[in-house]
Amino acid sequence: MLIHYLKIAWRNLWKNKIFSAINIIGLTTGLTCCLLMVLYIQHELSYDRFQKNGDRIVRMIMAYSVNGTVNKGNYTSTKVMPSFIRNFPEVETGVRMVQAKTIVKYDDKLFTEKDFLYADSTFFRMFSFKILKGNPDKVLEAPKMVVVTKSTAKKYFGNENPVGKILKIGSKQLDFLVTGVTEDCPSNSQIKYDFLASFSTLGVSQENTYWEANYTTYLLLKDINSIASLQQKIGPFMKKEMASIVTGNDYLTYELEPYTNIHLHSPYEGFEPNNSITYIYIVAAIAFLILLIACFTYINLSTARSMERAKEVGIRKVAGAFKKQIFWQFISESLIISVLALALSAIIATLILPGFNQLADRQLQILSLFTPAIAGVALLIIVCISLFAGSYPALILSGFQPIKVLKGSFKTSSSGLWLRKSLIVFQFIITVFLITSTFIIKSQLNYLQHKNLGYDRDHVLILPLDQKTNTILSTIKSEFKTNSNVLSVSRSVFDPTNIKGGYTMNRSDMPEKPYAVVANPIDEDFVRTAGIKIIAGSDLTEQDLKDVTPDSPKVYHFILNESAVKAMGWTTQEAVGQKIFLGEDRPGTVKGVVKDFHFASLHDPIKPLVLFPD
């Protein structure tokens, strides 16, 4: 009987090709958008779920207050991990990590690698990255050891076994021994690397201070339920640890951030930018609305056309068809259209997925759709569309009296008109909402693209420097300036878009009141090259840099932004010539004030900033 229904349904659809094509195209478009959005949502929600110990891993967030200014970030000193392992029985182990951008050479192959991580030897005890070659407990146990991913091994060594080979790394071309190979990092991992080198190589491990916070620390807890109890212990412990250093209302403590929550719920980025659960909800809502529009269009067309089929139903009922049979015939037609639309949408989604990946900056795989959960949702959508689109005409038409229909006395019911009008109104409401939202998003993007950030972002190129090139910087600058297209060349530790250096600053007449500031070591050409506007005082000179060389008395000249001047309690003009200290070992004078510029995300307020020669 089912095959009979499907045959009749197929004949009707084939007979009315234009109507069928409109319905299939509409549903296919909606389902294609939904499939791509579901792929994206599934990928984001699955972040770090492959980590077997993920529920027991926490990231350390440093929180400190200096003179009432509270700062937080995903950075710690190297002291935190060993200190917490010794003092808290809840902690099983930990790992310290830092990301680097470095040069890697093997034979005649030379590349600048940006996904280069340093990590403690406990890395593979904590994280579930599959190691293909090497002992996971020993591959990072000594300095100058490095593990590479499978694709990186292929890139440098071809089909040779990379274990035991020597890579030359960094500007000094230090010899690193390849001790292991891992699978490539999954795309849904917040920790991604091509090279994983031993943390001991850096020689930065110290347990004297909590302040040299330049590293990321993760802890592995013995029990998943111990996060809350451990968090309660950290405050009193740090208060005792910092008793002789931090006074008054100032403090330094740490917050525990569950590892699996970081990607969608943390305001602090890791080794890659985070997403937001709010955006996931927005994408899911858009997918649902698009699907509603496609479904309502289909239902409306099916309902309108069903009136034209009243005589067909009347003849079938005269011929002996039961109400149940007519009902399932309409459902079968809806089912065929829905299945065809789903199949076509899967094919189209596969074809346009590379472009969608580029747009979303992700590595989504179409095979992710063929999971039990996604297949179940797709089947549910098809059943719902088939029932909604087929039920109304089936129920109405199957209840007609054949004699009235065949005599031509059949009229469309007011309830049918009411349903169609309601669906059309609802469609227009959704469409207007989506179009309005599109214009709002476009306006936001236009604002971001044309916002005056306070520096020149159109004519400045940024090139990486290392220790080797830094020693011949004057020669490099001179060579660049021989090109008539180059107006200025400068060096700084951070570029204007992302300044992170954390320092304290205090007035010489108020040494007991330090302020937390962001600072950036620069040369005399930085302000001019970056296009930052000086509103008081003057720029740095070459002599200012000579005054802070190792053989000089080290008298600093500082440039402050407007926010730093305000924090110090001065007006813009008053600030010039004032004596301040940057940290404890950089006494100097304010030489100039620059207009505030955005050196971090636009979501963050502009913080006090100090530019100093180095």
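A quick note: this is a predicted structure, and the numbers were derived from the prediction, not measured.
Using a 4.0 Å cut-off between charged nitrogen and carboxylate oxygen, E212 and K79 do not count as a salt-bridge pair. In this structure, E524 pairs ionically with K477, as a charged nitrogen and a carboxylate oxygen lie closer than 4.0 Å. Ion pairing of E272 with K192 is present here, as a side-chain N (NZ or NE/NH1/NH2) and a carboxylate O approach within less than 4.0 Å. Between K144 and D175 there is no salt bridge, since no side-chain N of the basic residue sits under 4.0 Å from a carboxylate O of the acidic one.
A distance of 6.5 Å separates CD in E44 from CG in L264, rounded to the nearest 0.5 Å. In this structure, CD on E113 lies 9.5 Å from CG on L110, to the nearest 0.5 angstrom. To the nearest 0.5 Å, atoms OG (S492) and CD1 (I499) are separated by 7.0 Å. For the atom pair T152 OG1 and D184 CG, the distance stands at 6.5 Å (nearest 0.5 Å). One distance of note links CD of Q51 with CD of Q190; it measures 8.5 Å at 0.5 Å rounding. With rounding to the nearest 0.5 angstrom, the OG atom of S198 is 9.5 Å from the CG atom of D120.
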- Message: salt bridge (charged side-chain N to carboxylate O under 4.0 Å, His left out) for K591 and D544? Distances and angles first, verdict last.
- Response: CA-CA 10 Å; K591 187 172 185 180; D544 293 328; 2.7 Å; yes
- Message: Go through it in stages, so that I can follow the logic: the residues are I559 and L540, the test is side-chain contact (heavy atoms from CB on, under 4.5 Å), and I'd like the CA-CA distance, side-chain angles, deciding distance and then a yes or no.
- Response: CA-CA 8 Å; I559 293 179; L540 299 180; 3.8 Å; yes
- Carefully, step by step, assess E207 and R86 under the rule salt bridge (charged side-chain N to carboxylate O under 4.0 Å, His left out). CA-CA 12 Å; E207 296 191 36; R86 284 195 306 268; 2.9 Å; yes
- Query: Going through the checks in order, is the side-chain contact (heavy atoms from CB on, under 4.5 Å) test met by H265 and E257?
  - Reply: CA-CA 10 Å; H265 300 276; E257 193 174 45; over 6 Å; no
- Item | Worked check of side-chain contact (heavy atoms from CB on, under 4.5 Å) between W211 and S77 | CA-CA 6 Å; W211 287 115; S77 73; over 6 Å; no
- Query: When you look at V517 and T504, which way does the side-chain contact (heavy atoms from CB on, under 4.5 Å) test go after all the steps?
  - Reply: CA-CA 6 Å; V517 297; T504 58; over 6 Å; no
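Although no hydrogens or angles enter the test, the distance criterion places a donor-acceptor pair under 3.5 Å between the side chain of T78 and the main chain of Q206. At least one donor-acceptor pair under 3.5 Å links the side chain of N357 to the backbone N or O of L364. A donor-acceptor pair under 3.5 Å is absent between the side-chain atoms of Q358 and the main chain of P354, judged by distance alone. Under a 3.5 Å cut-off, the side chain of D596 and the backbone N or O of E562 do form a donor-acceptor pair. Judged by distance alone, with hydrogens and angles left aside, the side-chain atoms of Q444 form no donor-acceptor pair with the main-chain N or O of I441 at under 3.5 Å. At least one donor-acceptor pair under 3.5 Å links the side chain of D523 to the backbone N or O of R491. Looking only at distances, a side-chain donor or acceptor of T436 sits under 3.5 Å from a matching main-chain atom of V432.
No close placement of the F176 and F195 rings is indicated, their centers lying 6.0 Å or farther apart. In this structure, Y210 has its ring center no closer than 6.0 Å to that of Y64. Aromatic rings from F127 and Y218 are positioned such that their centres are separated by under 6.0 Å. In this structure, the ring of Y215 has its center no less than 6.0 angstrom from the ring center of Y118.
Checked by atom type, the side-chain pair S46/N188 shows a donor-acceptor distance below 3.5 Å. A donor-acceptor contact under 3.5 angstrom links the side chains of R59 and S266, judged on distance only. No side-chain N or O of S488 forms a donor-acceptor pair with one of D525 less than 3.5 Å apart. Checking E269 against N274 by side-chain atom types alone, no donor-acceptor pair falls below 3.5 Å. With hydrogens and angles left out, the side-chain atoms of T475 and S478 include no donor and acceptor closer than 3.5 Å. No donor-acceptor contact under 3.5 angstrom links the side chains of S490 and T529, judged on distance only. N520 and Y503 share no side-chain donor-acceptor pair at under 3.5 Å. A donor and an acceptor atom, one from each side chain of R96 and S205, are located under 3.5 Å apart.
Counted within 6.0 Å of NZ on K239, heavy atoms from surrounding residues, nucleotides or ligands total 12 or fewer; the atom is thus considered open. Within 6.0 Å of atom CD in Q543, more than 12 heavy atoms from other residues, nucleotides or ligands are found, so the atom counts as buried in its surroundings. L445 CG: more than 12 foreign heavy atoms inside a 6.0 Å radius. Other residues, nucleotides and ligands contribute over 12 non-hydrogen atoms within 6.0 Å of the CG atom of N498.
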Sequence neighbours excluded and cut-off under 3.5 Å, please list the side-chain donor-acceptor pairs for residues 597-614, or say none.
residue: S601; atom: OG; partner: H603; partner atom: N; Å: 3.1

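Pairing each heavy atom of G94 with each of I85, the nearest pair is N-CD1, 3.8 Å. Among all heavy-atom pairs drawn from A575 and V590, the shortest one is O-CB, 3.2 Å. In terms of heavy-atom proximity, K109 sits nearest to Y156 at NZ-O, 3.1 Å. F129 approaches P186 most closely through the heavy-atom pair CE2-CD, 4.1 Å. Contact between L252 and M62 at its shortest, heavy atoms only, is CD1-CE, 3.3 Å. The shortest non-hydrogen separation linking F558 to L560 is CB-CD1, 3.8 Å.
Within the 4.5 Å cutoff, the side chain of F237 has heavy atoms near those of the F84 side chain. Between T216 and V98 the shortest side-chain heavy-atom distance does not fall below 4.5 Å. The side-chain heavy atoms of M97 and F271, taken from C-beta on, include a pair separated by under 4.5 Å. Within the 4.5 Å cutoff, the side chain of Y447 has no heavy atoms near those of the Q449 side chain. Side chains of Y254 and V80 form a contact here, defined as non-hydrogen atoms less than 4.5 Å apart. Contact annotation: the side chain of I169 never approaches that of I103 to less than 4.5 Å [non-hydrogen atoms, C-beta and beyond]. At least one side-chain heavy atom of F433 sits less than 4.5 Å from a side-chain heavy atom of L289. A heavy-atom distance below 4.5 Å is not found between the side chains of K579 and R507.
For the pair K155 and F111, the cation-pi criterion (under 6.0 Å, within 45° of the ring axis) is fulfilled.
Taking the six-membered ring where the residue is Trp, Y47 and H43 present perpendicular rings, their angle passing 60° and hence far from 30°.
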